[in-house]
Trainee: 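Quick one: the structure is below, questions incoming.
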Amino acid sequence: MIISNRDSQKIVDRLIKILGKNINIMDTEGIIIGSGDKDRINTFHEVAKIAAVNMEEVIVTKEDAKKYKGCRIGVNLPLYHNGQVVGVVGITGEPKDVKGYGLIVKELVELMIQENERQKIELFQSRAKRSFAKELIKKHDNMDLSLLEHRAKLVDFSLDKERNVIVMSINNFQQYIIHNDLNEIMIQELKEKITGIISNVLDSDDIIFNLKEQVFILLKSKEENLYNYCDNICKSILEQLGVNMCVGIGSLCKNVEEYAKSYLLSCRVMEIGKRIDKAKNIYFLQDYKLQLLLQNIKIEDKNEFLNGLDEIILDKKNNEIVNTIKVYFENGMNINCTSKSLYVHRNTVIYRLNKAKEIFNMEINKPYECMLIYLAINLLL
């Protein structure tokens with residue numbers, strides 16, 4: 001039989017509710033695999049085997065029921081899928097009363113089998129795509145990239161499209177589990193719900209999957225307003241599940257080699273963003289290129305550059321001054337813009353900058369010297 005016993009029973013249960021008649025589904029060997037009478041499941045139905053072998057409808061009368069093993073009065077019809085007999089459906093009851101239901105039941109069961117097979121194929125295709133996507137974002141030092149390109153064709157994943165690798169993560173996942181007293185089954189259900197919410201807004205060629213623990217990966221075809229797209233997803237997940245998400249968005253991928261790089265950048269950008277921009281939850285690569293660059297500086301070069309600046313910057317009593325310098329530089333060293341960003345009077349900004357001159361013994365109003373402090377701040381974030 002092309003469908004499992006479990007699926008056959010589901011079909012039987014649905015049909016009995018619709019028709020109010022007892023239905024049996026048998027495999028081509030005559031074994032009952034779905035029935036309104038649970039005691040008959042896995043028993044032999046001789047007429048069903050005859051109907052399957054002869055590929056024809058077989059009616060069982062009272063007299064016939066005595067002759068054939070495991071049979072009751074009713075009508076039995078072969079089921080077809082792709083031109084082949086895959087089983088038999090039987091309707092229990094007086095032949096004259098149930099014969100009229102025969103073709104209707106047969107067509108309904110065949111349609112359900114087709115739908116069941118379609119869903120299985122879609123599920124397998126979806127799993128194959130997710131498996132491929134997991135390979136795609138891995139580092140490929142020793143892998144033949146042509147193999148990935150071949151696999152892309154097999155799972156119908158177009159490498160011609162430009163995409164972003166987007167990393168989505170549940171904030172404070174362990175605390176959420178403890179607070180909501182979630183067991184392992186409930187955790188998996190939560191992940192499936194998150195995946196489902198994201199899937200609802202995907203294009204046909206996009207892929208979403210849970211990579212590990214609280215981390216989800218979205219391969220998203222080029223989107224004009226990626227911030228709004230991700231923000232809407234985060235809002236939907238928060239509204240429906242009460243889960244806060246953060247998002248890291250890497251570089252745009254134009255070929256098979258760039259997916260692994262974009263994934264790593266997305267992770268690094270999220271890590272940096274969560275550390276220095278706690279008010280945000282969506283972090284773009286272009287906003288953190290300086291921090292990414294500074295992360296790659298050798299420790300000895302970093303120490304040489306800081307040369308005592310770290311002690312001043314990390315001193316808690318200087319937090320307000322340090323933050324003012326950072327915002328001042330990011331606002332083009334414009335005092336009015338800085339005061340607006342900090343929500344303080346411009347005289348307060350001037351006072352803090354003068355204080356900074358004393359602390360750092362540097363001319364804050366000179367771009368080069370202000371930049372040196374700004375870089376030092378970012379090295380220590």
Side-chain angles (χ1 to χ4, degrees), residues 136-139 162-173 211-235 237 244-255 257-299 301-303 305-306 309-310 313-314 319 321-334 337-338 340-342 367-368 370-381:
L136 193 59
I137 64 172
K138 287 182 182 178
K139 200 172 181 182
E162 294 182 349
R163 292 184 181 80
N164 283 97
V165 177
I166 301 172
V167 176
M168 296 184 164
S169 179
I170 301 173
N171 279 329
N172 304 314
F173 188 43
L211 180 65
K212 57 186 177 182
E213 292 299 321
Q214 73 270 30
V215 179
F216 299 80
I217 306 297
L218 170 57
L219 303 188
K220 179 73 189 86
S221 51
K222 196 172 181 181
E223 183 78 21
E224 282 189 20
N225 195 327
L226 204 50
Y227 177 86
N228 282 349
Y229 180 84
C230 293
D231 189 46
N232 288 334
I233 289 175
C234 291
K235 285 177 179 175
I237 293 172
N244 279 295
M245 304 289 288
C246 58
V247 180
I249 301 172
S251 52
L252 194 63
C253 305
K254 298 180 181 179
N255 59 57
E257 298 175 76
E258 294 181 347
Y259 283 87
K261 175 186 171 186
S262 182
Y263 165 65
L264 290 174
L265 286 172
S266 298
C267 293
R268 290 176 65 191
V269 163
M270 181 187 291
E271 180 187 336
I272 293 168
K274 287 172 73 175
R275 191 170 68 247
I276 68 175
D277 283 325
K278 293 180 181 177
K280 295 182 180 180
N281 70 323
I282 299 174
Y283 311 107
F284 281 86
L285 171 64
Q286 58 263 33
D287 297 330
Y288 300 96
K289 285 189 174 181
L290 174 62
Q291 288 80 8
L292 285 167
L293 177 65
L294 295 177
Q295 275 189 348
N296 292 323
I297 295 177
K298 293 179 182 178
I299 189 68
D301 294 334
K302 175 181 175 180
N303 291 336
F305 177 82
L306 290 170
L309 291 175
D310 51 337
I313 292 169
L314 296 175
N319 283 353
I321 302 295
V322 168
N323 186 53
T324 299
I325 296 171
K326 181 176 181 291
V327 176
Y328 175 62
F329 188 80
E330 289 172 351
N331 279 276
M333 301 178 68
N334 183 297
C337 292
T338 304
K340 287 179 182 178
S341 294
L342 292 172
Y368 179 74
C370 190
M371 178 192 70
L372 291 178
I373 300 174
Y374 179 77
L375 290 175
I377 292 168
N378 279 281
L379 273 170
L380 295 168
L381 284 173

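Being a predicted model, the structure only gives us computed values, none of them experimental. All residue numbers in this chain count up from 1 along the given sequence.
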Trainee: Quick one: side-chain hydrogen bond (donor to acceptor under 3.5 Å, both in side chains) partners of Lys235, sequence neighbours excluded?
Mentor: Asp231
Trainee: Can you name the residues that form a side-chain hydrogen bond (donor to acceptor under 3.5 Å, both in side chains) with Asn303, not counting sequence neighbours?
Mentor: none
Trainee: Not counting sequence neighbours, which residues clear side chain to side chain contact (heavy atoms under 4.5 Å, CB included) with Asn172? List them please.
Mentor: Gln175
Trainee: For Phe329, what residues pass the ring-ring contact (aromatic ring centres under 6.0 Å, His included) criterion, not counting sequence neighbours?
Mentor: Tyr374
Trainee: For Ile297, enumerate each residue passing the side chain to side chain contact (heavy atoms under 4.5 Å, CB included) test, keeping only those at least two apart in sequence or located in another chain.
Mentor: Leu294, Asp301, Lys302, Leu379
Trainee: Run the salt bridge (charged side-chain N to carboxylate O under 4.0 Å, His left out) test against Glu330 and tell me which residues pass, sequence neighbours left out.
Mentor: Lys326
Trainee: Mind checking side chain to side chain contact (heavy atoms under 4.5 Å, CB included) for Asn228 and listing every partner two or more places apart, or none if nothing turns up?
Mentor: Asn225
Trainee: Filter on side-chain hydrogen bond (donor to acceptor under 3.5 Å, both in side chains), then keep only pairs touching residues 281-295, sequence neighbours left out; what's left?
Mentor: Arg268-Gln295, Asp277-Tyr288, Gln291-Asn378
Trainee: Could you tell me which residues satisfy side-chain hydrogen bond (donor to acceptor under 3.5 Å, both in side chains) with Lys220, sequence neighbours excluded, listed by chain and number?
Mentor: Asp203, Asp206, Glu223
Trainee: With sequence neighbours left out, what residues match Thr338 under side-chain hydrogen bond (donor to acceptor under 3.5 Å, both in side chains)?
Mentor: none
Trainee: For Ser251, enumerate each residue passing the side chain to side chain contact (heavy atoms under 4.5 Å, CB included) test, keeping only those at least two apart in sequence or located in another chain.
Mentor: Ser262, Leu265, Leu285
Trainee: Does Lys222 have any salt bridge (charged side-chain N to carboxylate O under 4.0 Å, His left out) partners at least two apart in sequence or in another chain, and if so, which?
Mentor: Glu162
